[in-house]
Amino acid sequence: MSAFTRNAVVLGLLSAVGPFAIDMYLPALPAITADLHTTTSATQMTLIAFFIAFGLCQIAYGPLSDVYGRKAPLYAGLTLFIAGSIGCALAPGVAWLIAFRFVQGLGAAAMGVIPRAIIRDLHTGPEATRLMALVMLVFSVSPILAPLGGSALIVPFGWRAVFVATTIAAVIALVLVASLLPETRPAHERISGSVRNVLGSFGELLRDWHFLGLTFIGGLGMASFFAFLATSSFVYIGHYGLTPTQYSLAFSVNAIGFIGASQFAGYLGGRFGMGRVVMAAVSAYAFFAVVLLALTLAGFTSLAVLIPLLFVSFAFLGLVIPSTMVLSLENHGPIAGIASALGGTLQMVSGGVMIGVSGLFFDGTSLPMVATIACTAVGALAVSIATLRPRELSPQLAE
C-alpha cells in the first residue's frame with residue numbers, strides 16, 4: 001500500500017469517528033424519545049449538543065496542533081470521545097445523554113479539524129483535493145453503513161448498543177493513529193504558542209474575506225445536510241411510515257450520491273480549475289434544491305419525488321465540500337491547523353443553527369426540511385458569486 005493510500009485510509013477512518021457517532025445514532029432517535037419518556041425536541045437537543053461541542057472546540061484543537069504537532073491533540077480528542085461514548089451508553093435520562101453527547105463532541109472536534117490540516121501539510125491544489133476526496137470516500141462509508149449497523153443493533157439490543165459500537169470504533173482509531181499515522185508537523189515547523197501569536201493568526205483569517213467566503217460556501221452546504229440529519233428520521237419514519245432499516249437504505253442513497261461525486265472533484269479541479277468546479281456544482285445544487293421545494297409546495301410530496309431530487313442535490317454538494325475545503329487552506333499552510341479550526345468551527349456552528357431552525361419549524365412533514373435545504377443552497381450560490389474571483393473562474397487555470 002502506497003503512503004498516499006495509507007494516509008487516505010487512516011485519515012478517512014479517523015474522520016469517520018465523528019460522523020459514525022451521528023449516522024449510526026439517527027435510526028435510534030424515535031426509540032430514545034420513547035424509552036426516555038421525553039419529547040422530540042429534547043431528543044434533537046442530543047444532536048445539537050454534539051454539533052455545538054464539535055464545532056466550537058475545533059478552535060482549541062487547531063492552534064494546539066500547530067503548536068504541539070498533529071498527533072498529541074488527536075490522542076486527547078479520542079480519549080474524550082471514548083469517555084463520552086461510555087457515558088452515553090449508561091445515561092439514565094435525556095439530560096445525561098445530552099451532557100455526554102456534548103463530551104463526545106468535545107472529542108470528535110479533534111478528528112474534525114486535524115485531518116484537514118494534515119492533508120494541507122502533505123499536499124496542495126488538485127492533489128490535495130484528490131486526497132481530501134479519498135478521505136471523504138472512506139469516512140463517507142459511514143452514512144451508508146452506520147445507519148444500517150445502527151438499525152441492526154437497535155432491534156435486538158436497544159439504542160444503547162449504538163454507543164458501545166462508537167466506543168469500539170474510537171479505540172480502533174486510537175490504535176491506527178499510534179501505529180500508522182506519521183507526524184506531519186515536525187518541531188521546526190511549529191508556531192509559537194503565545195496567546196498573542198495565536199490570536200494574531202485568527203485575526204489574519206477573519207480579515208481574509210476570500211477565506212471566509214470559501215468557508216461559508218462549504219458551510220452552508222454542510223448546514224443543509226445537517227438539517228437533513230436532524231429531521232430525516234422523523235420525516236421518513238414518522239411521516240412516511242418507513243421502518244428503521246428502510247430509512248437507513250433511503251438515507252444511504254444520498255450518501256452514495258455525495259460519495260460518488262466527490263471522487264471526481266480532484267480530476268475536475270485539475271481539468272477545469274477548482275473555482276469553476278465549485279461555481280458549477282453550487283449552481284446545480286441550488287437549482288435542484290429549489291426545484292424540490294417548488295414541487296413540495298405544489299403538493300408533490302411522495303418519496304418518489306423526494307429521494308431522487310435529494311440524491312441529485314447532495315451529489316453536486318459532493319463536488320463542493322472537498323473543493324472549498326482545499327481552496328480555503330491553500331494560502332494558509334503555516335497556520336493550517338488554525339485555518340482548519342476556524343473554518344470547521346464556523347461551518348459546524350452554521351450547521352447547529354440550521355438544526356435548531358429546522359427543529360423549530362418541524363411539523364412532521366417534509367416541507368420544513370426541504371425549505372431549509374433550498375434556502376441554504378441558494379445562500380451558498382450567493383456567497384459563491386460574491387467570493388470566487390474572476391481568475392479562479394478563468395479557463396486558463398486548467399491549462
Side-chain angles (χ1 to χ4, degrees), residues 55-56 58-59 62 112-113 116-117 119-120 124-126 128-129 132-133 136 200-227 261-262 265-266 268-269 272-287 289-290 313-314 316-354 357 372-398:
L56 292 179
Q58 292 184 40
I59 286 289
V113 60
R116 289 183 293 187
I119 291 172
R120 178 57 184 82
T124 59
T129 307
M132 186 77 76
M136 292 179 69
S201 297
F202 278 118
E204 173 189 335
L205 293 168
L206 289 171
R207 292 189 298 271
D208 186 341
W209 291 105
H210 191 249
F211 168 82
L212 292 175
L214 289 165
T215 294
F216 279 108
I217 294 168
L220 286 166
M222 291 175 65
S224 69
F225 200 72
F226 292 161
S262 71
L268 293 174
F272 299 105
M274 293 170 64
R276 297 178 76 201
V277 170
V278 170
M279 180 59 75
V282 169
S283 299
Y285 162 55
F287 172 77
V290 170
S313 299
F314 288 135
F316 282 108
L317 185 61
L319 293 174
V320 175
I321 300 300
S323 300
T324 53
M325 283 180 178
V326 169
L327 283 172
S328 68
L329 299 179
E330 192 83 2
N331 298 322
H332 300 289
I335 54 171
I338 292 175
S340 178
L342 180 60
T345 295
L346 293 174
Q347 290 179 342
M348 293 303 299
V349 169
S350 299
V353 169
M354 285 300 103
V357 169
T372 302
I373 291 171
C375 288
T376 53
V378 171
L381 177 58
V383 176
S384 298
I385 293 170
T387 299
L388 294 173
R389 300 161 179 164
R391 64 180 179 82
E392 291 178 295
L393 300 175
S394 170
Q396 280 75 24
L397 286 178

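Computed from a predicted structure; not experimentally measured.
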Next on the checklist: Run the side chain to side chain contact (heavy atoms under 4.5 Å, CB included) test on Thr372 and Ser224 for me, step by step, so that the C-alpha distance in whole Å, both residues' side-chain angles and the decisive distance to 0.1 Å come before the verdict.
Outcome noted: CA-CA 7 Å; Thr372 302; Ser224 69; over 6 Å; no
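When the options Ile217, Ile321, Leu317 are evaluated for a side chain to side chain contact (heavy atoms under 4.5 Å, CB included) with Met222, the one that passes is Ile321. Checking Val282, Val383, Val290 one by one against Val378, the side chain to side chain contact (heavy atoms under 4.5 Å, CB included) holds for a single residue, Val290.
We find the CD1-CD distance between Ile338 and Glu204 to be 9.0 Å, quoted to the nearest 0.5 Å. For the atom pair Gln58 CD and Leu342 CG, the distance stands at 10.0 Å (nearest 0.5 Å). Distance check, rounded to the nearest 0.5 Å: CZ of Phe314 to CD1 of Ile373 gives 4.0 Å. The distance from the OG1 atom of Thr324 to the CZ atom of Phe216 is 12.5 Å, given to the nearest 0.5 Å. The structure places OG of Ser340 at 12.0 Å from NE2 of His332, a figure rounded to the nearest 0.5 Å. The distance from atom CE of Met325 to atom OG1 of Thr215, rounded to the nearest 0.5 Å, is 9.5 Å.
Distance alone, capped at 3.5 Å, places no donor-acceptor pair between the Ser323 side chain and the Val320 backbone. Without hydrogens or angle criteria, Arg120 side chain to Ala336 main chain gives no donor-acceptor distance under 3.5 Å.
Residue Ala380 comes nearest to Leu220 through the heavy atom pair N-CD1, 3.5 Å, listed as atom of the first residue, atom of the second, then distance. Between Ala339 and Leu205, the shortest heavy-atom distance links the atoms CA-CD1, 3.5 Å. When all heavy atoms of Ser384 and Val278 are compared, the closest pair comes out as OG-CG1, 4.5 Å. Counting all heavy atoms, side chain and backbone alike, Ser283 lies closest to Leu381 at OG-CD1, 3.5 Å.
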